Amino acid sequence: MNNEQLLDLVKQMTLEEKTAQLLQLTANFYEGTNVEGQITGPMEEMGITEQSVDASGSILGLSGAQAIIDVQQAYMKKSRLGIPLLFMADVVHGFKTIFPIPLAIGCSWDTELAEKSAEIAARESAVSGLHVTFAPMVDLVRDPRWGRVMETTGEDPYLNSLFAAAFVRGYQGDSLKDEPDRLAACVKHFAAYGAAEGGRDYNTVDMSERNLREYYLPAYKAALDAGVEMVMTSFNTVDGIPASGNEKLMRGILRDEWGFDGVLISDWASIREMIAHGAAEDDREAAYRAIRAGVDMEMMTPCYVHHLPELIESGEVDEKLIDEAVLRILQLKEKLGLFDNPLRAADPEREREIVFSKEHRQVSYELATKSAVLLKNDDSVLPLQPDANVVLIGPFAQSPDILGWWSCEGVKEDAVKLGTALQERLTGGKVQFAQGSNVHTITAEQIAEALEVASKADLIVLALGEDSEMSGEGGSRTDIRLPAAQLELVKQLKAAGKPIASVIFNGRPLDLHGVIDESDAVLEAWFPGSEGGAAIADVLTGVVNPSARLTMSFPQSVGQIPVYYNHFNTGRPLNPEKTEERYVSKYIDSPNEPLLPFGYGLSYTSFSYGDLEVSSNEMTAEESLSIQVRVTNTGERAGVETVQLYVRDVTGEVVRPMRELKGYVKLALAPGESGTATFTLNEEQLRYHHSDLSRRSDRGEFHILVGANSRDTQKKSFRLV
C-alpha cells in the first residue's frame with residue numbers, strides 16, 4: 001500500500017477501531033494462543049471488550065512460528081478491514097541463541113560484531129514470527145546499583161552512540177520489506193531512564209536540560225539517525241513530568257526537533273502509571289496527557305480505548321492526533337510487508353533449521369571471548385598451562401545460569417558450562433571440582449570439601465558471581481559486593497596458600513573488595529550467553545588472548561557512586577601528591593578514583609607506547625589535527641590493544657569534563673610487531689551544549705590524551721583559534 005491508500009484506510013476506520021489500533025496486549029487475550037484462561041480473564045481484569053481485542057493493533061510477548069501463524073490467521077478472519085497484527089518482544093541480546101549481555105558487548109568495543117549479533121537475533125526472531133524487538137536499550141548509566149545496567153553499553157555517550165547505531169543496523173538491515181528476516185527496532189527508554197535516583201528502578205530522574213542533551217540524549221539520536229522505526233517512552237519523570245505524558249520531550253524534542261515520525265510506544269503500563277506519579281487524576285487524564293505528548297501505542301493499560309472517544313467527543317482532544325498515531329502504526333505494518341503477507345517470515349520448517357544453529361552459536365562464542373575483561377593477572381597466573389592440575393570451585397563452576405536477564409527464548413540448560421568446557425581443554429592436566437558454596441549460602445561441609453580438593457591442586461579457579469535474578473529489571477541493589485557466602489569462600493581458600501584465579505559472572509560493575517585483593521588473577525566474564533562456558537574456558541587457557549575493555553568504571557565502594565571517568569574538576573580539586581589536605585573535594589576514607597577506570601583491561605601480552613605526535617599545536621575550524629602514536633607488542637603472544645583518544649577542553653563557558661572519549665583504534669599485533677594508531681580530530685568534535693543550549697566550541701586550550709584506558713594516558717596540548 002502507498003501512503004494515500006493507508007490514509008484512505010484510516011478514513012474507513014471507526015473511532016473505536018482506531019483507538020483499538022493503539023492498544024497493545026499480551027498473547028493471552030487472543031484466540032489461537034492456547035494460553036489457559038485466555039481472553040475472558042484478562043479482558044475482565046482490564047475492563048476491555050472483545051471488540052477492542054479483535055481490533056487491537058499489536059501483541060506483546062508471543063513467539064514461535066506456528067503460534068504466531070495461528071493467532072494472525074484467526075485475527076485476520078475477524079479483521080473488518082484486513083489490518084494485520086504486529087508481534088513484538090524483548091529480544092535484547094539474542095532470541096534463542098543468547099549473546100553476552102549488552103554491557104559485556106559494549107566491553108568488546110567491537111561494533112561490527114555487535115551489529116552481527118543483532119542481525120542473528122533478528123533472523124531467529126523473524127522466522128519465529130516476530131516483527132519488532134524492544135531493543136536497543138541505549139540509556140547512559142553511571143550507577144551500577146541499577147539492575148538494568150546490564151542492558152546498556154556503558155557510561156560514555158560517544159561509545160553508546162556507536163553501539164546504538166550498530167544494533168539498529170543489525171536488527172533492521174537496509175529494507176524491512178525486502179529483508180523479511182529482519183526486525184523493526186525500538187530504541188529505549190526515552191529518556192534518561194539510566195539516571196534514576198539512587199539506582200532504584202522506576203525512580204525519579206531530575207537533571208538540567210543541558211546535562212540531558214549533552215550526555216543522555218546523544219545515543220537515542222544516533223539510533224534515530226540510523227533509521228530506528230520505533231521509540232519507547234521511559235518509566236521515569238523528566239523535569240518532574242512522567243515521560244509518557246511529557247510533551248516537551250516527546251513532541252518538542254523527539255517529533256519536532258529531531259523529526260521522528262515513527263511509532264512511539266509506552267513502556268508497560270506507563271501511561272496509567274502517571275496516576276501513581278501524581279501527574280494524572282485518573283485514566284482519562286492519563287490518556288489525555290499521553291496522546292497530546294504524541295504516544296501512539298499504549299502497552300497493557302486501557303486508558304486510550306476507554307477514554308479517547310469521549311475526549312474527542314468533548315473536544316478536548318483533536319481526532320487528528322489519533323489519525324496521525326494510527327497512520328504511523330499502519331505505515332510500520334506496510335514497511336514490514338504485512339499487508340502483502342501477514343505471516344511475513346514465520347515458518348516452522350525454517351525455524352527448526354535456523355534457530356540456535358551452529359553458525360549462530362559460533363558468533364555468540366566469538367562475542368563472549370571478546371567481551372571478557374582481564375582485570376588482574378599477577379605473576380602471569382593466567383593463562384592456565386595445558387598440564388595444569390586445577391581445581392574449579394564455586395557456585396558457577398557448573399552452573400547453567402550464565403545467560404543473564406532478558407534472555408528471551410534462551411534455555412539455561414542449553415548453555416555450555418564452564419566446568420565441562422575447561423575439562424575438555426585441559427586434557428593434559430587434571431580438573432577437579434568442588435561446589436564450595438551456593439550463590440547465597442555456604443556450609444561447613446562445602447568449605448571442608450573445597451579445602452580438601454584445593455590441597456591437591458596447583459591452582460584454584462574460582463567461579464563466582466550474581467545469579468541472573470540479581471540484575472535486570474527490578475534488580476537494583478544497595479550492596480554491590482558478591483554475596484557474603486562467596487566472600488567467605490574466597491577468604492577460606494586464600495588461607496590454602498595456592499594461586500587463585502577468579503572468574504566473575506555478573507550483570508553489573510561490582511565492588512570487588514574481598515575478591516580482587518585475595519585473587520592473583522580476576523577475569524570479568526559478565527553473563528556471557530549460550531556459549532559462555534566454552535568462551536571463558538578458551539580465555540582461561542590462552543586459546544584466546546583477552547582484549548575487552550571496561551565501558552563502566554568499577555567503584556571502590558558503593559559510597560563512591562556515581563563514579564565515572566568524564567567528571568568535572570570542582571573548584572577545589574584533590575592534588576594526588578597532597579592527599580592529607582582536608583578542604584578539597586575528597587573522601588577521608590576512600591580514594592576519589594574508581595577501583596578500575598573506564599577503558600581498562602589487561603592482556604596476556606604487554607604493549608609499549610611511543611611518543612604522542614600531534615600535527616600542530618593549533619586547530620582552526622577548517623583544519624583538523626592528525627594524532628599518532630606508535631604501539632609495540634613487547635610480549636610473547638599476539639594480542640589486540642585498544643588505543644583510546646580523549647580530549648579535555650581546559651576552559652569553557654560551561655565547565656567541561658576532565659576528559660571525553662573521541663575515538664579509538666584496535667591494533668592487532670604479533671609479538672615484537674609495532675603498529676600506528678592514527679586519529680583525526682576536528683573542530684566539530686569539540687562542540688558541546690552551552691548554557692543557552694546552543695552547540696558550539698570555545699576558543700582556547702585543549703588537551704589531547706591517548707593511552708590504554710581513561711587513566712593511563714600521554715598528554716599534549718593545542719589551541720583552538
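This is a predicted model, so every value here is computed, not measured.
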Backbone of Val92 reached by a side-chain donor or acceptor of Asp90 within 3.5 Å: no
Before giving the answer on side chain to side chain contact (heavy atoms under 4.5 Å, CB included), spell out for Val91 and Trp406 the whole-Å C-alpha distance, their side-chain angles and the decisive distance to 0.1 Å.
-> CA-CA 7 Å; Val91 186; Trp406 293 126; over 6 Å; no
Between Leu595 and the options Ile516, Asp511, Leu510, the side chain to side chain contact (heavy atoms under 4.5 Å, CB included) test singles out Ile516
Q: Return yes when atom CG of Asn569 has more than 12 non-hydrogen atoms of other residues, nucleotides or ligands closer than 6.0 Å, and no otherwise.
A: yes
- Check whether the side chains of Asp698 and His690 place a donor and an acceptor atom closer than 3.5 Å, and report yes or no. yes
Query raised in the report: When you check the side-chain N and O atoms of Glu701 and Thr651, is any donor under 3.5 Å from an acceptor?
Result: no
Between Arg719 and Glu618 (salt bridge meaning N to carboxylate O under 4.0 Å), is one present in this structure?
no
Taking the side chain from Arg582 and the backbone from Glu580, do they hold a donor-acceptor pair closer than 3.5 Å? no
Self-check item: Under 3.5 Å: donor-acceptor pair, side chain of Ser553, backbone of Tyr564
Solution: no
query = Between Thr634 and Ser606, do the side chains contain an N or O donor and an N or O acceptor separated by less than 3.5 Å?
reply = yes
For this session: Would you check, one step at a time, whether the test side-chain hydrogen bond (donor to acceptor under 3.5 Å, both in side chains) holds for Glu155 with Thr551?
Result: CA-CA 6 Å; Glu155 68 185 41; Thr551 56; over 6 Å; no
So OG of Ser697 and CE of Met619: to nearest 0.5 Å the spacing works out to 9.0 Å
task = Kindly indicate whether the side chain of Asp267, heavy atoms from C-beta on, has any atom under 4.5 Å from the side chain of Lys188.
result = no
Donor-acceptor side-chain pairing of Ser603 and Asn545 below 3.5 angstrom: yes
Does any part of the side chain of Glu660, heavy atoms only, come nearer than 4.5 Å to the side chain of Tyr215, both counted from C-beta? yes
ask   = Do Leu224 and Val231 come close enough that some side-chain heavy atom pair is under 4.5 Å?
value = yes
Going through the distances and angles, do Arg210 and Ser208 end up as a side-chain hydrogen bond (donor to acceptor under 3.5 Å, both in side chains)? CA-CA 5 Å; Arg210 201 200 71 82; Ser208 68; 5.2 Å; no
query: Taking C-beta and beyond as the side chain, do His703 and Phe718 meet within less than 4.5 Å on heavy atoms?
result: no
The reported gap from NZ in Lys662 to CG in Leu645 (rounded to nearest 0.5 angstrom) is 9.0 Å
Side-chain (Ser502) to main-chain (Ser519) donor-acceptor, under 3.5 angstrom: no
Nearest heavy-atom contact between Glu593 and Gln560 is O-NE2, 2.9 Å
Notebook entry, point to check: Would Leu159 and Tyr664 count as a side chain to side chain contact (heavy atoms under 4.5 Å, CB included) if you check the C-alpha gap in whole Å, the side-chain angles of each, and the deciding distance to 0.1 Å?
Noted result: CA-CA 10 Å; Leu159 201 58; Tyr664 64 93; 3.5 Å; yes
One should read off an interatomic distance between Leu382 CG and Lys376 NZ, to the nearest 0.5 angstrom, of 11.5 Å
**Request:** Evaluate the side chain to side chain contact (heavy atoms under 4.5 Å, CB included) criterion for residues Ile627 and Thr680: first the C-alpha distance (whole Å), next the side-chain angles of each, then the deciding distance (0.1 Å), finally the verdict.
**Result:** CA-CA 6 Å; Ile627 301 159; Thr680 299; over 6 Å; no
* Asked: Going by distance alone, is a donor N or O of one side chain under 3.5 Å from an acceptor N or O of the other, for Asp206 and Thr204?
  -> no
Hydrogens and angles aside, do Ser585 and Arg572 bring a side-chain donor and acceptor to less than 3.5 Å of each other? no
Checking Asp201 against Ser476 for the side-chain hydrogen bond (donor to acceptor under 3.5 Å, both in side chains) test, could you report, in this order, the C-alpha distance in whole Å, the side-chain angles of both residues, the deciding distance, and whether it holds?
CA-CA 6 Å; Asp201 219 345; Ser476 301; 5.0 Å; no
**Prompt:** So, for Trp405 and Phe527, is the gap between ring centers shorter than 6.0 Å?
**Reply:** no
Margin query: Please determine whether a side-chain nitrogen of the Lys or Arg among Glu641 and Arg549 lies less than 4.0 Å from a carboxylate oxygen of the Asp or Glu.
Written below: yes
| Parallel, tilted or perpendicular: which fits the ring planes of Phe598 and Tyr646, with parallel below 30° and perpendicular above 60°? | perpendicular
Trp526 ring center within less than 6.0 Å of Phe505 ring center: no
Is the closest side-chain donor-acceptor distance between Asn682 and Glu623 under 3.5 Å?
no
Q: Look at atom CZ of Arg477 and say whether more than 12 heavy atoms of other residues, nucleotides or ligands are closer to it than 6.0 Å.
A: yes
Between the CZ atom in Arg142 and the OG1 atom in Thr152, the distance rounded to the nearest 0.5 Å is 11.5 Å
Begin from the C-alpha positions of Ser590 and Gln556 and carry the test side-chain hydrogen bond (donor to acceptor under 3.5 Å, both in side chains) through to its verdict.
CA-CA 7 Å; Ser590 169; Gln556 298 277 353; 5.3 Å; no
Taking the side chain as everything from C-beta on, heavy atoms only, tell me whether Val539 gets closer than 4.5 Å to Tyr604. yes
#### Entry: Side chain Thr579, main chain Pro576, donor-acceptor under 3.5 Å
no
Q: Using a strict 4.0 Å threshold on nitrogen-to-oxygen distance, state whether Glu366 and Lys370 make a salt bridge.
A: yes
inquiry  = Quick check on the 6.0 Å ring-centre criterion: do Phe554 and Tyr600 meet it?
reply    = no
Side-chain donor-acceptor pair present, Asp139, Tyr216, cut-off under 3.5 Å
no
With a 4.5 Å heavy-atom cut-off, do Leu103 and Pro509 have their side chains touching? yes
Notebook entry, point to check: Would you say the side-chain atoms of Tyr158 and Gln685 include a donor-acceptor pair closer than 3.5 Å?
Noted result: no
query = Quick one: are Leu612 and Ile704 in side-chain contact, heavy atoms under 4.5 Å?
reply = yes
OG1 of Thr233 to CG of Leu254, rounded to nearest 0.5 Å, is 10.5 Å
Before we go on, tell me: are the rings of Trp258 and Phe190 under 6.0 Å apart, centre to centre?
yes
SB check Glu257 Arg213 (cutoff 4.0 Å): yes
- Query: Can any side-chain N or O of Glu518 pair as donor or acceptor with the backbone N or O of Val515 at less than 3.5 Å?
  - Reply: yes
- Message: Just checking Arg711: does its CZ atom have more than 12 heavy atoms from other residues, nucleotides or ligands closer to it than 6.0 angstrom?
- Response: yes
- For the side chain of Arg508 and the backbone of Met470, is there at least one donor-acceptor N/O pair under 3.5 Å apart? yes
To the nearest 0.5 Å, atom CG of Leu462 lies from atom CD of Gln486 at 9.0 Å
Please check if the side chain of Lys586 supplies one atom and the backbone of Glu581 the other of a donor-acceptor pair under 3.5 Å.
yes
task = May I ask you to say whether Arg656 pairs ionically with Glu214, meaning some side-chain N is under 4.0 Å from a carboxylate O?
result = yes
Please determine whether the number of non-hydrogen atoms from other residues, nucleotides or ligands lying under 6.0 Å from atom CG of Asp692 exceeds 12. yes
Is there a side-chain contact between Tyr171 and Val228 (heavy atoms, below 4.5 Å)? no
Tyr220 side-chain N/O to His189 backbone N/O, donor-acceptor pair under 3.5 Å | yes
Strictly distance-based, threshold 3.5 Å: is any side-chain N or O of Asn160 a donor or acceptor partner for the main-chain N or O of Gly154? yes
